[in-house]
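Since we're looking at a predicted model, the values are computed, not measured. Computed over heavy atoms, backbone and side chain alike; hydrogens, waters and symmetry mates excluded. Each ligand, and each atom within it, is numbered from 1 in the order the structure gives.
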Amino acid sequence: MTTNEHNIAPPYVEQAEIRRQCSLCDAIEQKLFSMGFSEANRPGYFIQTFGCQQNEADSERMAGLAWRMGYRPVATPAAAQLILVNTCAIREHAEKKALSIIGTYKHIKEASAHVIIGVGGCMVTQKHRADQLKNSYPYVDFAFDTGALHLLPELIYHAMTGGRRQFVSSDTYAVAEGLPSHREKPFKAWLSIMYGCNNFCSYCIVPYVRGRERSRRPEAILEEARRLIAEGAKDITLLGQNVNSYGKDIGSVDIASLMRQICALPGDFRLRFMTSHPKDASDALIAAMAEEEKIVPHFHLPVQSGSDEVLRRMNRRYSAEQYLCIIEKLRRSVPDVSITSDIIVGFPGETQADFQATLDLIKAVRYDAIFSFIYSPRKGTPAAAMDGQIPKEISSQRFQRLLSLQQEISRERNQRFVGRTVRALCEEVSKTDPGKMTARGDSPRPIHFADTGARIGEYCDLKIVSADTFSLYGELQEKKNGA
Ligand code: 5AD
Ligand code: SF4
């Protein structure tokens, strides 16, 4: 157990436990080999991920453990000996999708009883969903909540050796250091700096399924950042439900100083962070963004609503005016900053005037992009029990109005890049046009350009020639690194 000057200790998992899990990985590999698999013929794993970047980062740890056990990734669940589903609970739609996918795995298990199926993540951290899995999905071998990810080897070993089905719920929400991780793109990395949330926004399930805020120790984060950079990471995103309150539970360090320490590490990389809560968006963080070249000038600062009354009932603890002050400060310090937001429409009791206040705020801020959601009642949250639940037709109409207003603003905002030459990281062959590549620069929008020799995973200079609502279009200016 590690403590600090305030003698507050997040529940770090002891290294001895991680070593125990690692020796189970070895035992699993042995077992797989005894079943006929070999170095040349590895068993396959398939991980289906729902939800946010935090879940993607968790899935990378599940993948890291699966590699450690001797599994290798396969493209379809039907080709896998190990299937893991990492679920999300943020809206009902995400839960329904996960349950329906899990339903399709029944046939796989019927065809091959040796296939192991495990379900993790936020959905199964809710008791009613864990019970549902237990009772209605008998082919699921085990479920593990968000605090029990490090126990995956034990659960798999147990399932392999004919143990009973297991449904693990951890009430400690421990921070496990030293788990292996496997990233699909070595140049792009998620780096979790903290877990959980203390804010209890009245609509949100996260504090109930990811526990209270626990910060990782800065030394562990810096060590991981160093390793990621050495492995070729060029785009690192610091992750947490509310990264602005990083360090408050352990004292001695805050998000701004942590980011500055990471920026001081040698290497050609850029640093992003998400998500931020406006009540904690500090001047020190804005100053770090203004001064540190490696920090991408993009601030994702979810406002949720433009109505003070709705914000109050959401328990957001700021007013629209206070939010606009932060935006003004941000733009003054970082004039070219890209700003994005999350918006919920149809929160209980939202009147037409409340909704108009949201539209007005969006016009005032002129976001680069927003992620908008129709309010979804979550069992156990205060908002689910509030009067004035909004009928779906009204929420959908408001949602459409919001989208079309934002699309107009995004199209206009994106024009500011036209004519500039920007440095961008070439990420992949375009999903829609195989003759094109897709890169990402400082703007949250992807840049598409004709493939004339840029290399995936390397920086290139692109002259932006046009922009529409969702994308920028560029021309490659020069080849980097002798490509
Ligand atoms: N319904 C709709 N959207 C929600 N979000 C969180 N909880 C809900 C809910 N119950 C949205 C918020 C948050 C984003 C990640 O998801 O906008 O910022
Ligand atoms: Fe949910 Fe609010 Fe925490 Fe974000 S800050 S995870 S919306 S409770």
Which residue owns the protein heavy atom closest to [atom], what's the atom, and how far is it?
atom	answer
atom 1 (N) of ligand 1	S376 N, 2.9 Å
atom 5 (S) of ligand 2	N199 ND2, 3.3 Å
atom 3 (Fe) of ligand 2	C197 SG, 2.2 Å
atom 1 (Fe) of ligand 2	C204 SG, 2.3 Å
atom 4 (Fe) of ligand 2	Q241 O, 4.4 Å
atom 7 (S) of ligand 2	Y203 OH, 3.3 Å

Discussion item. Using a 6.0 Å distance limit plus a 45 degree cone around the ring axis, check whether R91 lies over the aromatic ring of F373.
Written reply: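 Checked: cation-pi criterion met.
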
Worksheet item: Using a heavy-atom cut-off of under 4.0 Å, does the side chain or the backbone of P207 touch ligand 2, or both, or neither?
Response: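 Near ligand 2, P207 shows its side chain, while the N, CA, C and O stay back.
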
Worksheet item: What do you reckon, does D342 have a nitrogen or oxygen under 3.5 Å from a nitrogen or oxygen of ligand 1?
Response: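 There is such a contact, yes.
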
Worksheet item: Do any N/O atoms on Y375 end up under 3.5 angstrom from N/O atoms on ligand 1?
Response: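 Y375 vs ligand 1: no N/O contact under 3.5 Å.
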
Worksheet item: Could a heavy atom of I374 be found less than 4.0 Å from some atom of ligand 1?
Response: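 A heavy atom of I374 does come that close to ligand 1.
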
Worksheet item: Checking only N/O/S atoms, does C201 have one that is under 2.8 Å from atom 2 (Fe) of ligand 2?
Response: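 Yes, C201 qualifies, because one of its backbone or side-chain N, O or S atoms lies under 2.8 Å.
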
Worksheet item: Given the side-chain rings of F273 and F299, with only the six-membered ring counted for Trp, is the space between their centroids under 6.0 Å?
Response: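 Yes; F299 has its ring centre under 6.0 Å from that of F273.
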
Practice prompt. Using side chain to side chain donor-acceptor pair (under 3.5 Å) as the criterion, point out the one residue from H298, R270, R423, R272 that pairs with D442.
Written response: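 Per the side chain to side chain donor-acceptor pair (under 3.5 Å) rule, the option paired with D442 is R270, out of H298, R270, R423, R272.
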
Worksheet item: Side chain or backbone of F373 under 4.0 Å from ligand 1, or both, or neither, by non-hydrogen atoms?
Response: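 Just the side chain.
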
Discussion item. Out of all atoms in ligand 1, which are within 4.0 Å of some heavy atom of I344? Include the element for each.
Written reply: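 Under 4.0 Å from I344, ligand 1 has these atoms: 3 (N), 4 (C), 5 (N), 12 (C), 17 (O).
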
Practice prompt. Decide whether the shortest distance between a heavy atom of R210 and an atom of ligand 2 is less than 4.0 Å.
Written response: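 No, R210 has no heavy atom closer than 4.0 Å to ligand 2.
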
Practice prompt. Would you tell me whether Q406 and S410 have side-chain atoms, one donor and one acceptor, within less than 3.5 Å of each other?
Written response: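 Yes, a side-chain donor-acceptor pair sits under 3.5 Å.
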
Fill in: Atoms in ligand 2 with a heavy atom of H277 nearer than 4.0 Å
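Listed by number with element, the hits are 5 (S).
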
Practice prompt. Could you check whether the rings of F144 and F142 sit parallel, tilted or perpendicular, using 30° and 60° as the cut-offs?
Written response: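 Taking F142 first and then F144, their aromatic rings sit tilted (interplane angle of 30° to 60°).
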
Discussion item. Surrounding NZ of K392 (heavy atoms of other residues, nucleotides or ligands, distance under 6.0 Å), is the total greater than 12?
Written reply: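 Check fails, neighbour count at 12 or below.
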
